[in-house]
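Reading through the structure tokens given below for one structure.
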Amino acid sequence: MEFNELEKVRLEKINRLKEQNIQPYPNRAEITATIREACESFEKSETSGTAEPLVFTLAGRMRSMRVMGKLAFTHIEDGSGKIQLFLRINELGDQLDFFKEYFDLGDFIEATGTMMRTRSGEISLLVTSLRMLAKAISPLPAAKEEVVDGVTVRHTGLSDPEIRYRQRYADLVVNPDVRQIFRTRAKIISSLRTFLDSHDFLEVETPILQPIYGGAAARPFTTHHNQLHQDLFLRISFELYLKRLLVGGFDRVYEIGRDFRNEGVSYKHNPEFTQLEFYCAYFDYFKVMDFTEEMLRFTAQNVLGTTKFSYNGHAIDLSQPWHRVNMREQIIIETGIDFKDYPDTESLRAAMEAKGIKSKPGVSRGKLINQLVEEYLEPNFLEPTFLYDYPWEISPLAKRKADDPTITERFEGFIAGMELLNAFTELNDPIDQEIRFLEMGRAYTEEDEEHNPIDEDYLRAMRYGMPPNGGFGMGIDRLTMLFTDKHTIREVLLFPHLRERDKDGNETEA
RNA sequence: GGGCGUAUAGCUCAAUGGUAGAGCAGUGGCCUUUUAAGCCAUUUGUUCUGGGUUCGAGUCCCAGUACGCUCACCA
């Protein structure tokens with residue numbers, strides 16, 4: 001690492017501080033309140049008319065500085081808020097020169113003084129003494145406002161997405177709205193926990209390193225345990241482990257955690273993503289639908305303070321029941337094709353061709369139906385919608401309908417055209433499950449990397465008897481996108497996956 | 001993986017193939033109630049990397065890298 005000119009100036013200040021036996025990075029701060037606490041107790045004392053001066057020692061990062069001769073203002077920020085420091089030679093004497101000489105934007109400062117209001121009415125701390133808490137060497141990206149052709153243009157301090165994601169710490173410091181995204185995200189997760197805990201669900205943790213992966217169709221990441229000489233996979237879902245727990249006697253379980261899928265990245269896909277899965281004994285998929293509506297209504301109310309929000313210009317209202325759309329009927333409405341009339345791949349493909357719908361050669365009937373859903377149905381699901389009754393070929397863990405074994409009791413939830421959740425009446429018949437696994441093995445031939453080995457232990461668990469149950473999975477990242485009106489998953493991930501920097505691209509200075 | 005676009009000072013951005021600039025920040029100075037203060041002066045560049053065309057390339061061409069959008073992939 002080399003230092004640029006600006007950084008060299010600050011390093012020189014550090015050296016000069018050390019020469020005077022002043023620590024640029026002292027071990028301890030001695031604050032008596034957070035910034036918010038100080039402001040709140042000052043406002044309280046104002047309304048109660050207390051004459052006593054309020055003295056605090058506060059600390060924070062310097063975010064602005066206005067020096068004018070024998071007087072200076074600076075805003076400092078801690079995790080609770082911002083306050084203006086009022087520095088005057090009257091109170092500080094020589095320490096004002098010390099401040100002007102050694103402090104820069106971005107430094108952490110500790111200041112003791114009396115709470116007051118300036119002439120313009122802003123709550124400030126009239127500082128009587130101050131101390132360096134941590135010197136910043138690199139300047140933070142500076143924000144700026146300028147007038148171009150009579151129009152005020154506001155630049156954010158840091159807008160290059162690459163630097164924002166690679167140096168998220170700098171992004172968070174200078175862009176407060178980015179910090180807000182992650183507060184919202186945390187609140188979403190804690191709200192979901194609160195809701196599920198209050199409905200007698202048990203939170204559990206299941207293996208991330210798995211000898212056999214399953215529960216979804218996705219390519220896994222592979223790793224290796226050296227001592228055991230064993231290849232392991234990073235999980236692509238929690239499903240098969242959570243349902244083992246239903247066999248074990250936990251009727252209501254959930255897990256919030258990370259899934260890993262070795263697939264392409266996009267505005268709604270990241271190689272690792274956070275998922276909520278729950279399983280509830282004696283629920284069927286209709287009960288899961290009701291429960292989902294209730295859970296998301298609660299979560300929105302808790303996080304946003306309202307059930308109404310807008311995403312990408314679309315008004316969303318979670319207080320209303322979701323639309324419930326039958327897949328087969330809706331495909332007929334949108335395309336005129338009734339897939340029941342075409343029980344095999346070739347006839348369905350021909351029917352699609354006749355409508356001018358091109359399909360990839362070699363894909364299964366289930367994938368053809370899925371293609372119709374993605375192209376003709378999903379984009380229209382702007383308001384919260386459950387699409388239900390999926391063909392069995394693409395739903396190997398869902399239970400068949402009693403009156404139609406080619407359809408499963410499965411639904412997916414959509415908001416603003418984006419798939420958010422996936423749920424079904426879980427298949428608990430071990431004989432049918434084995435048939436379905438074998439069918440999957442047949443469907444995924446040599447070229448298909450989604451093919452995964454049969455999980456015999458899961459079948460064994462089911463043979464002991466699994467209660468009928470409803471299962472549910474939801475992408476937390478996508479829910480966060482919806483609640484924060486962000487249109488790329490990277491905005492709601494603190495450290496999204498980015499390609500590794502090339503040695504040449506990184507350009508180490510010769 | 002395919003297509004399109006972007007890459008210039010610490011940050012945000014300019015620059016008909018002809019001396020690489022502005023605002024902010026930085027540095028020096030003035031300034032005792034400022035609000036992303038103001039005024040005066042002033043520094044800063046491997047124009048992403050590597051080739052090529054040209055008398056001359058930030059600009060045109062080729063290749064590479066990263067990022068963005070998009071398509072493909074994605075029970």
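Per chain, numbering begins at 1; letters A, B, ... match sequence-line order. Computation of the quantities below employed the complete heavy-atom set of this structure, encompassing side-chain atoms and omitting hydrogens, waters and symmetry-equivalent molecules.
Applying the 3.5 Å distance criterion, the base of B:rU34 shares a donor-acceptor pair with the side chain of A:Gln84.
Rounded to whole angstrom, the span from the NE2 atom of A:His75 across to the C1' atom of B:rA37 amounts to 12 Å. For A:Ile163 and B:rU12, the CD1 to C1' distance is 11 Å, given to the nearest whole Å.
B:rA20 is unpaired under the Watson-Crick or G-U wobble criterion, no partner having all donor-acceptor distances under 3.5 Å. Both distances falling under 3.5 Å, in either a Watson-Crick or a G-U wobble arrangement, occur for no nucleotide opposite B:rG45. Nucleotide B:rC60 forms a pair with B:rG52, judged by Watson-Crick or G-U wobble geometry with both contacts under 3.5 Å. In this structure, B:rC4 forms a base pair with B:rG68, meeting either the Watson-Crick or the G-U wobble geometry with both donor-acceptor distances under 3.5 Å.
Between B:rC67 and A:Arg166, a contact under 4.0 Å exists linking OP1 or OP2 to a side-chain N or O. The shortest distance between the side-chain N/O atoms of A:Lys13 and the OP1/OP2 oxygens of B:rU27 is below 4.0 Å. When the side-chain nitrogen and oxygen atoms of A:Lys268 are compared with OP1 and OP2 of B:rC74, none of them lie within a distance under 4.0 Å. At least one side-chain nitrogen or oxygen of A:Arg66 sits closer than 4.0 Å to the OP1 or OP2 atom of B:rA37.
You'll find that the side chain of A:Ala217 is closest to B:rA75, out of B:rC69, B:rA75, B:rG68. Residue A:Glu412 has its side chain nearest to B:rA75 when only B:rA75, B:rG10, B:rU34 are considered.
Counting non-hydrogen atoms under 4.0 angstrom, A:Glu393 reaches nothing in the nucleic acid.
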